Asks: 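I am attaching a structure below and will ask some questions about it afterwards.
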Amino acid sequence: MPTNTTKWTREIVLEWLDIAVKVDKSLPPVYHKGATSWNWNIKREWYELLWDLEEDDEQTEMAFHPTNRQISIWEDVVLRWFPLIEDNINKRILWLRSCGVSWVKIGKKTHLTRQTVAHRYQQTVEELVRKLRFLDTKIS
């Protein structure tokens, strides 16, 4: 989706952040983990689960394969949006909350109260929406 035709709203920004987190979690690790035990939780494809219905489905996870559009959204968020945010703590708060971390845990990691973390999160999202709107009007 071309970004210059998008009408940036808070909901669209949060949706793109959610997609970026899912894509980031699906990317291979930077380093190779050593084999520490034989109890691996193997991600499986949907068609493999069709004939293994008697197995415990809670232990198996479906593999997420991002599309080209989702990967380009991830690139926009990571490479274009995050440099727009000046404060590194606000970047961390935005990413951790998009990953689903609770306010209390984010507050412990950033040494802030949960109310301060929630307030800074809201301000960062609104600031990001304003900057994206400004950049798109400047490009047009």
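Quick note: numbers below take in every heavy atom, side chains included, and nothing from hydrogens, waters or symmetry partners. Quick caveat: nothing in here was measured; it's all calculated off a predicted structure.
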Asks: Listing request: all side chain to side chain donor-acceptor pair (under 3.5 Å) pairs with a residue in residues 87-101, at least two apart in sequence or in separate chains.
Replies: D87-R120, N90-R120
Asks: When rounded to the nearest 0.5 angstrom, what is the spacing between CD1 in I12 and CG in L132?
Replies: 10.5 Å
Asks: Kindly write out the residues that satisfy side chain to side chain contact (heavy atoms under 4.5 Å, CB included) with V78, not counting sequence neighbours, or none if the list is empty.
Replies: W74
Asks: Spell out, yes or no, whether V117 and V104 are grouped together once hydrophobic residues are joined by side-chain heavy atoms under 4.5 Å, including indirect joins.
Replies: no
Asks: How would you list, by chain and number, every residue that makes a salt bridge (charged side-chain N to carboxylate O under 4.0 Å, His left out) with D18, sequence neighbours excluded?
Replies: K22
Asks: With a 4.5 Å cut-off on side-chain heavy atoms, are V129 and T9 touching?
Replies: no
Asks: I'd like to check the salt bridge (charged side-chain N to carboxylate O under 4.0 Å, His left out) partners of E11; sequence neighbours left out, ordered by chain and number.
Replies: none
Asks: Could you work out, with side chain to side chain contact (heavy atoms under 4.5 Å, CB included) as the rule, every residue matching K131, not counting sequence neighbours?
Replies: L84, E86, E127
Asks: Check whether any side-chain N or O of Q122 sits under 3.5 Å from a backbone N or O of H119 as a donor-acceptor pair, and report yes or no.
Replies: no
Asks: Between CG of L94 and OG1 of T124, what distance do you get to the nearest 0.5 Å?
Replies: 6.5 Å
Asks: With a 4.5 Å heavy-atom cut-off, do I93 and L112 have their side chains touching?
Replies: yes
Asks: Among all residues two or more places apart in sequence or in another chain, which pass the side chain to side chain contact (heavy atoms under 4.5 Å, CB included) test with I71?
Replies: V23, P66, E75
Asks: Find the distance between CG (L96) and OH (Y121) and round it off to the nearest 0.5 Å.
Replies: 11.0 Å
Asks: State which residues pass side chain to side chain donor-acceptor pair (under 3.5 Å) with T116; sequence neighbours excluded, sorted by chain then number.
Replies: T113
Asks: Just grab all the salt bridge (Lys or Arg N to Asp or Glu O under 4.0 Å) pairs involving residues 99-109, residues at least two apart or on different chains.
Replies: none
Asks: State, to 0.1 Å, how close W16 and D76 come at their nearest heavy-atom pair, and which atoms those are.
Replies: CZ3-OD2, 3.7 Å
Asks: Test of understanding: with side chain to side chain contact (heavy atoms under 4.5 Å, CB included), list the residues that count as partners of E126, not counting sequence neighbours.
Replies: R10, R130
